[in-house]
Amino acid sequence: MGEDQEVQLQITGEEAEERTPPEHSNAANQPKVLLQQNFSWWLKIAIFTFFLLSGQTMATILGRLYFDKGGNSKWMATFVQTAGFPFILVLYFTSPLKNPTTNNTIKPNSPSKLIRLLIYTTFGIFLAANCMLYSLGLLYLPVSTYTLICASQLGFNALFSFFLNAQKFTPFIINSVFLLTISSTLLVFNKDSTDSKKISKGKFVIGFICTLGASAGYGLILSLVQFCFRKVFKQENFKVVLDMIIYPSMVATAAILVGLFASGEWKTLKREMEEFELGHVSYLMTLIWTAIGWQAFNIGCTGLIFEVSSLFSNIISTLGLPIVPVLAVFIFHDKMNGLKVIAMVLAIWGFVSYVYQHYLDYLKSKAGINNAHEKFSNFSSAERKLIHE
C-alpha cells in the first residue's frame, strides 16, 4: 500500500472517530459491527432519556404535592432530593450498562483517592445548597412557573460549557439557548402567578430568584461533571457514572441532615405527617417516590453527560417542559395564561432547534464513517490485513 494511501486512510479514520460516540472509535470495522455499536449507543441514550424525563416529571409533581397538601419543611423537601441514593447501589450489581465494551476502558493518570474525595465532597456540598434553592422555588411558585424558569439552566450550562469544555456554538445552538432563556425571563412579568397560589409578591420574587439561582448552579454542576469525566477521571465505564451520583449524594444528604436538625424542623415532622391531608401512608409514599424520582433523574442526567455532553443532557431535560405545566393545570389547577403559553412555545422551539443541530451532527458523523468504509473497501486483502495489524 502506498504511503499516501496509508496517510489518507489514517486521517479519514481519525476524522470519523472524532465525529462519533466513543463506541465508534474504529473506522475500519465492518458495517455490521458498526450497526450493532450504533444501535447499542442509541439504546443507552434512550434508556437514560427515559430515566431523566420520567424522574424529573414525577419528582417535580410530587414535590409540589408535598407542599400543597400540608408539608411545610423546606429541609425535608431538600432531603428527599438526595436521600434516595441507596436505590442506585442496586445498579452496581444488576445494570447491563455498568461494564460497556470499549477500546479504551481505563486511561492512564487516573486521579488519586484524595483527589476523588475532594471532588465528591465539593460536589456534595454544592449539591446540597442547590437543592435548597430548588426547594424554596418550588415552595413559593406555581409548579408551571417554576418549571419554565428552570429552562434558564440551559443558558447557564451553555455559558459554563463554553469556558470549561470548549463547547462549540452553532447558529442552531445559539438560537436554542436564546429562546429558552427568553422563555423563562418572560415569566417575571406574569401577574397571574401569585394569584394562582395566593402568595405575596415578595415571596414570588424570592421564589423566582431562588429558582434562577438554582438553575445557574445546576448548569455549573453539569459542566463541571463533564469536565471531571473527560479531564480528571479519564475512565470510560458506567461505574464512574454511578460513583459521581452516589458519593456526592452521600455528602449532600449528610449536610442536609445537619441543617434539618440544626434548624429544629425535625421537631415538626411528626405533626406534619399527622396533619397531611392525604393521610400518613400518602405522606410517606410521597416522600419516598419523590426521592426515587430524583435518583432516576440523576441516573439519566449523568448518563447522558457521560455518553454525549452536559449541554445535551440539559437539552433533553427541557423536553419535560410541556409535560409538567400541563399536568399542573389538571392536578394543582395552575392557570395557563397567554404569557405561559408563549413561554412554553419558545421553550419547545428552543428544544427543537438544538435537536436539529444534533441531527445534523449525526448525519455528518455517519457520512464520515461511510466515507472511511468506502476507501477501506478499495484496498486489497493484503492491504486490509496490514491495516488491522
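When reading the values below, keep in mind they use all heavy atoms of this one structure, side chains included, and skip hydrogens, waters and symmetry mates. Counting from 1, the numbers follow the sequence of the chain as shown.
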Considering only heavy atoms from C-beta outward, does the side chain of [X] approach that of [Y] to under 4.5 Å?
X	Y	value
Leu242	Lys239	no
Leu220	Phe156	no
Pro248	Phe85	no
Leu304	Phe51	no
Tyr140	Thr211	no
Met244	Phe306	no
Val251	Phe123	no
Gln153	Ser317	yes

Quick check: closest heavy atoms across [X] and [Y], and the distance to 0.1 Å?
X	Y	result
His280	Glu274	NE2-CA, 3.5 Å
Ala128	Thr78	O-CG2, 4.0 Å
Ile245	Ile299	CD1-CA, 3.7 Å
Phe160	Ser223	CB-OG, 3.4 Å
Leu138	Tyr146	CD1-CD2, 3.6 Å
Gly293	Met58	CA-CE, 3.2 Å

Return yes if some donor-acceptor pair links the side-chain N/O of [X] with the main-chain N/O of [Y] below 3.5 Å, else return no.
X	Y	answer
Thr60	Thr57	no
Ser313	Cys301	yes
Arg230	Asn165	no
Ser353	Asn175	no
Gln81	Cys131	yes

Practice task
Mind checking the NZ-CG spacing from Lys231 to Leu224? Nearest 0.5 Å is all I need.
Solution key: 14.0 Å
Practice task
Please say whether more than 12 non-hydrogen atoms of neighbouring residues, nucleotides or ligands are located less than 6.0 Å from CZ in Phe276.
Solution key: yes
Exercise for the section: Would you check, one step at a time, whether the test side-chain contact (heavy atoms from CB on, under 4.5 Å) holds for Leu287 with Tyr283? Expected result: CA-CA 7 Å; Leu287 294 177; Tyr283 176 83; 3.6 Å; yes
Practice task
Would you tell me whether Glu272 and Tyr66 have side-chain atoms, one donor and one acceptor, within less than 3.5 Å of each other?
Solution key: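 Result is yes, a qualifying pair exists.
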Exercise for the section: Ignoring hydrogens and angles, state whether a donor on the side chain of Thr302 or Asn298 is under 3.5 Å from an acceptor on the partner side chain. Expected result: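 No pair is found: no donor N or O on one side chain lies under 3.5 Å from an acceptor on the other.
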Problem - In one Ile/Leu/Val/Met/Phe/Trp/Tyr side-chain cluster, 4.5 Å: Phe162, Ile221 - result: yes
Practice task
Give the ring-plane orientation class for Phe261 versus Trp266, where under 30° counts as parallel, over 60° as perpendicular and anything between as tilted.
Solution key: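 Ring orientation, 0 to 90° scale: tilted.
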